[in-house]
Structure formats: structure tokens, C-alpha cells
Amino acid sequence: MLAKPFGLGALRLATFELDPRLEADTLPLADLPLSRALLMNDARYPWVVLVPRVASVSEVFELSQAEQAQLWREATQLGAAMKEAFQGDKLNIATLGNVVSQLHIHLVVRYTDDASWPAPVWGNGTPKPYELAQQGERREQLLAHIEGLSL
């Protein structure tokens with residue numbers, strides 16, 4: 001699914017490249033108006049990563065005010081849809097950037113009985129890559145919710 005780009009200048013879009021570590025750890029989902037939505041390849045949690053398609057940005061404040069508002073719109077709408085769809089107890093929304101400096105936001109649905117609760121998911125346990133059938137199912141679930149968003 002390709003969304004209409006969010007008023008980004010052609011140069012900013014043309015020079016956007018996904019960090020190789022994000023590319024290695026995720027599976028492509030969709031392009032939202034501002035961000036590329038990626039499925040984290042860890043079947044332990046419903047987990048999406050949003051990466052604004054803006055070149056050379058590592059901090060939220062480096063985006064324009066309109067881009068910041070759009071990023072927050074995408075994160076909150078998709079996060080709310082994910083929490084409801086996967087019947088989570090909590091939604092973690094985080095931007096860290098200590099390992100991968102390219103600006104990205106994690107949306108992780110959490111459960112009070114998940115293996116990491118109440119600790120953060122980062123560095124906790126061993127990621128469990130999706131099996132092919134499971135990956136397709138999770139991807140289709142997420143795409144159905146993305147299609148219904150008003151971004």
C-alpha cells in the first residue's frame with residue numbers, strides 16, 4: 001500500500017534510506033502519509049515500527065511542526081487500532097535511537113502476562129522470528145487496520 005506522501009519535499013523523500021539494521025529486523029507493511037510502517041520480526045508481540053520517510057533525521061524535533069503532528073497522528077491512530085485489535089492491556093510507544101539513530105517509533109502491544117511484563121521488551125528474552133504463515137496472517141491483520149485509519 002502506498003500512501004500519498006505527506007507534503008515532503010522531493011529531495012527529502014528522494015534521499016530517504018532505511019537504516020540497514022531496521023531493514024534486517026523488520027518486514028515491510030505499508031507507506032503511510034509520512035512514515036514507512038514495518039512489522040518487527042518478533043512474533044512474541046504485535047509490534048510495528050514507524051520510520052518517517054525523511055532523510056537524515058534522528059530526533060522528533062528535527063521534523064517540521066506539521067511532520068511532528070502527522071507522525072503523532074500515525075502513531076496514536078495505529079497504536080489505538082493495534083491495542084484494540086490484539087486486545088492488549090497496554091500499548092508501549094517509544095523512540096529510543098540509542099542503537100539505530102534513524103528516527104523511528106516503536107508501537108508494541110503488551111499483555112500483563114507476557115514474558116517481559118512489566119519490563120520493556122528491548123533486551124528482554126530472545127526474539128522469535130515469524131514463521132511464514134504466521135507472518136502473512138499478522139501482516140494481513142495489520143494492513144486491514146491501516147486501511148481503516150484516517151491519516
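By convention here, the first residue in the shown sequence is residue 1.
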Please find the pair of heavy atoms, one from [X] and one from [Y], that lie closest to each other, and give the distance.
X      : Y      : answer
Ala75  : Ile93  : O-CD1, 4.5 Å
Ser58  : Ser101 : CB-O, 3.0 Å
Pro52  : Phe16  : O-CE1, 3.3 Å
Gln102 : Val51  : CD-CG1, 3.9 Å
Asp42  : Pro127 : OD2-CA, 3.5 Å

Quick one, [X] and [Y] - any side-chain contact, counting heavy atoms below 4.5 Å?
X      : Y      : result
Asn92  : Pro120 : no
Val54  : Val57  : yes
Ser116 : Tyr45  : yes
Leu38  : Val48  : no

inquiry  = Rounded to the nearest 0.5 Å, what separates atom CG in Leu34 from atom CG in Leu32?
reply    = 8.5 Å

key: Inter-residue atom distance Thr95.OG1 - Leu50.CG, 0.5 Å rounding   = 11.5 Å

key: Residue list, side-chain hydrogen bond (donor to acceptor under 3.5 Å, both in side chains) with Asp19, at least two apart or on another chain   = Arg21

task = Just jot down the side-chain hydrogen bond (donor to acceptor under 3.5 Å, both in side chains) partners of His106, sequence neighbours excluded, or say none.
result = Trp47, His104

request  = Just jot down the salt bridge (charged side-chain N to carboxylate O under 4.0 Å, His left out) partners of Arg138, sequence neighbours excluded, or say none.
outcome  = none

inquiry  = Test your reading of the model: is there a side-chain donor-acceptor pair from Glu62 to the backbone of Glu59, 3.5 Å cut-off?
reply    = yes

request  = Would you mind listing every salt bridge (Lys or Arg N to Asp or Glu O under 4.0 Å) that reaches into residues 106-133, with sequence neighbours excluded?
outcome  = Arg110-Asp114

Output side-chain donor-acceptor pairs under 3.5 Å for residues 76-91, partner residues at least two apart or in another chain, one line each.
unit_1, atom_1, unit_2, atom_2, d
Thr76, OG1, Trp72, O, 2.8
Thr76, OG1, Arg73, O, 3.4
Gln77, OE1, Ser150, N, 3.2
Gln77, NE2, Ser150, O, 3.2
Asp89, OD2, Thr112, N, 2.8
Asp89, OD2, Thr112, OG1, 3.3

request  = Output all residues satisfying side chain to side chain contact (heavy atoms under 4.5 Å, CB included) with Gln68, sequence neighbours left out; order by chain, then residue number.
outcome  = Val60, Leu63

Test side chain to side chain contact (heavy atoms under 4.5 Å, CB included) applied to Asn41 and Thr26, step by step = CA-CA 5 Å; Asn41 193 12; Thr26 63; over 6 Å; no

